[in-house]
Structures are given as C-alpha cells and as structure tokens.
Amino acid sequence: MSAAAPTSSPIGAPAGSRAPFEVITAAPRDGSTQARAGRLTLPHGVVETPQFMPVGTNATVKALDPDDLERAGASIVLANTYHLYLRPGHERIQRLGGLHRFMAWDRPLLTDSGGFQVVSLDQLRSIDDDGVTFKSHLDGSAHRLTPEASIEIQAALGADVAVAFDHPVFPSSPRAVVADATARTERWAERSLEAHARSERARELGQSLFGVIQGGLDPELRAESTQTIAALPFDGLNIGGLAGDETPIQRADALRVVVPLLADDPRPRYLMGLGSPIDLLDAVDLGVDLFDSVLPARVARTGQVWIPGGRLNLRNAAFLDDPNPIEEGCPCPACRRFSRAYLAHLFRARELLGYRLATCHNLTFTLDFMARIRAAIQAGRFPDVRQELRVRAGRIRAGEAAGEPA
Ligand SMILES: [Zn+2]
C-alpha cells in the first residue's frame, strides 16, 4: 500500500464547532514528531491529552468500581451505546438520572455510536442507506439503528461526548466496500449532526459530538473522508476503521494521510480501539490525542499483566513461589499489598479478586504510561525520550496480546 500523503493543504475547523479542546503543547516545527499535548474541557471535568479511555461496555469496566478507576488514574471512560440500548435500555437509564448517576462515575463519559457493534454482527444485520436492521445478540429480537436513533439514545444516556453513527469496515476490505461504507458514513455524519442540533437534551447536557473519518487503508479514500468529515462542525474527529486487521505499518501510513490534513485543525483526534502501549506510543508520535480499548482489562482477566518492557503470565507455575509484587513501586492495589504468588494462586483458583487486581494493575500501568507521554511532550522532550518509552512499552502488539476471548 503506497502512503503518499495527498498534496491538498490542511484544513481548519468549520465555523460552528464549539471545539472544547485546547492544544497546550503543539507539535514541534522541526517535524521530529507530531505528538502534542492538549486539554479537553467537558461538563464533568477536564481530560488531559494524549489520553487513554478504559471501556465500560455495560456501564462498568469489568471487575472494577469507580473508586478503582479513579485510583488507576482514569479521567474519562467509554460506554457502549449498543449494549446499553439493548440492556438495560437507554430510557430506563435516563429515568434513573442518566448514565453518570447510574454507574456512579462523576467524571467525563463518552459513548460510541453503536455502529461498530451493529456492523460486527455479521450474520445478524442488514445495512441500507437509512440505517441498520439487526438482531440482538442477547435474545434475537429485531432492532433498527439509524443516525437519528443513535443520537437520541446517546442523548438519553447523557455522556459528555457522543459519536456520530458510522459504517465501519475491516481495514483489509476491498476498495469498493470501503468506498461504499465511507460515503455512507459521510451521509450519516450530516444526519447525526442535524439530529444532535435538534436534541434539546443534548443541548441541556452541553454534550459534544465527534464525527468519524473512515476510508480504510486507501490513501485517496482516507484523505477524501478526512476532508469531508473535518468540513463539518463536529467537536472532535474520530479516526475510524483502524485498530482492526491492519499491520502497524499500514496504520502509520493511514495516520500520515489524516494528520497532515488536520494540521491546523484545533479539534481532538481520536483513534478508536487501540490499546497496547507500543501502539499507543506510535500513534501519539503520529499526532493522535485520544484512545480507547478493552485490551488492558481483557488481557488482565486472562492473567496477563503488563510491566515495563513486557508482560507476565500469572498462570505460569513459576509465579506460585514468587514473593515479589507484579511491579516494584507500582501504586495499584495489587502491587501495594500482594505478591505474584498470591495473584498466581487466585488465577488458578478462579477467584474473583484476581480479575479485579490484575485489571487495576494493567489500567494503572497503561494510564501511567500515557501520563509519562504527556509529561515528555509538555517538557518538549518527547523525541528525546521516545526510545526510553518504547523500551518501557515492550513489544506487545494488540494481535499477540488479545489471545483469549473476553
Ligand atoms: Zn500494579
């Protein structure tokens, strides 16, 4: 795949976007990195970027309570529109005071559009230009999501940030499939904006709306989608259709198309679905501000914990006699009080505490890694410490790390 950046000039944000985002440290002019630091100001608090969002699929980051999340350093959490729409239902959550109150999380929340889950249902859905008809993975009941419905559900949930309904496809999809989904995403982007502008509840909440760039791995489609979505008055720009089956080089090539086109655009750039430390570092280096992924929590529940330079598999018998903490000096509840031996025992006995402690550790590690990245950028030292950060990140790529199912 060739990665020649298009020659079109960068674009700024269109009039009308509220842009609750401020760049605090811009990328240096010498081109040594595109990494930048910023601040996203939302109704429930400020999010320093680059930032990682833990995923609370069912209005909970599996095994953790809000105090665990705060201690791990989470400043914003993602919740899944598709899952909450099906169960317990967005109207019920609204009646109970909205998602923040429901899950007792008083810091910022972002909901995704539901598009990814719905489109991933594969055998269970059909897509037309108006929306997607799908069958619930829970009970097989029939449902329909449109841009308008997604926006209404997200307004009812009441997150600080909602996302426009999009049509994602696997990065490796044939060009015609990517082109079709990208064009549909652009039409749905405008409908999402109109529905959001009409929503009284979204206005009362001060809810932001982010739009989604698609375009797969094709530089022309990617550039065209970037320009089209960036021309709309969204508050932030998601880079979709990556963190799938592409290689790290293909992902970098796609970012080298998108980011230069957004060089003068003051809005946050959010790459959906990326979660291994080395992938986060590389994407920050290429100019991305925000990330989310289930990965650190999912692998923790399989007994895999991240440490500087790599990972430990707590199911390995060698740890049954290891009196050391997972990581010396880590402030998480696992490392402060417990040994690797105890964790190894908990995993073998399938004790619930093991899942919680390992998840606390991996999220603490990931969020601390992002804090180190931010500190380096703010000090103007990111290019100097990039190699040090690479060593700390280890070489675990998402594909190798995913391993076992949730
Ligand atoms: Zn720890």
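Whatever order the structure lists ligands and atoms in, that order sets their numbers, starting from 1. Owing to the predicted nature of the structure, the values given are computational and were not obtained by experimental measurement.
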By atom name, which N, O or S atom belonging to H361 lies closest to the Zn ion (ligand 1)?
ND1

Answer yes or no: is there an ion pair linking D139 with R87, defined by an N-O contact shorter than 4.0 Å?
no

T228 side-chain N/O to S225 backbone N/O, donor-acceptor pair under 3.5 Å
no

Where the Zn ion (ligand 1) is the vertex, angle from C332 SG to C330 SG to 10°:
110°

Main-chain N/O of P323 paired to S339 side chain as donor or acceptor, under 3.5 Å:
no

Please determine whether a side-chain nitrogen of the Lys or Arg among E91 and R201 lies less than 4.0 Å from a carboxylate oxygen of the Asp or Glu.
no

Counting backbone and side chain alike, does C360 bring an N/O/S atom below 2.8 Å of the Zn ion (ligand 1)?
no

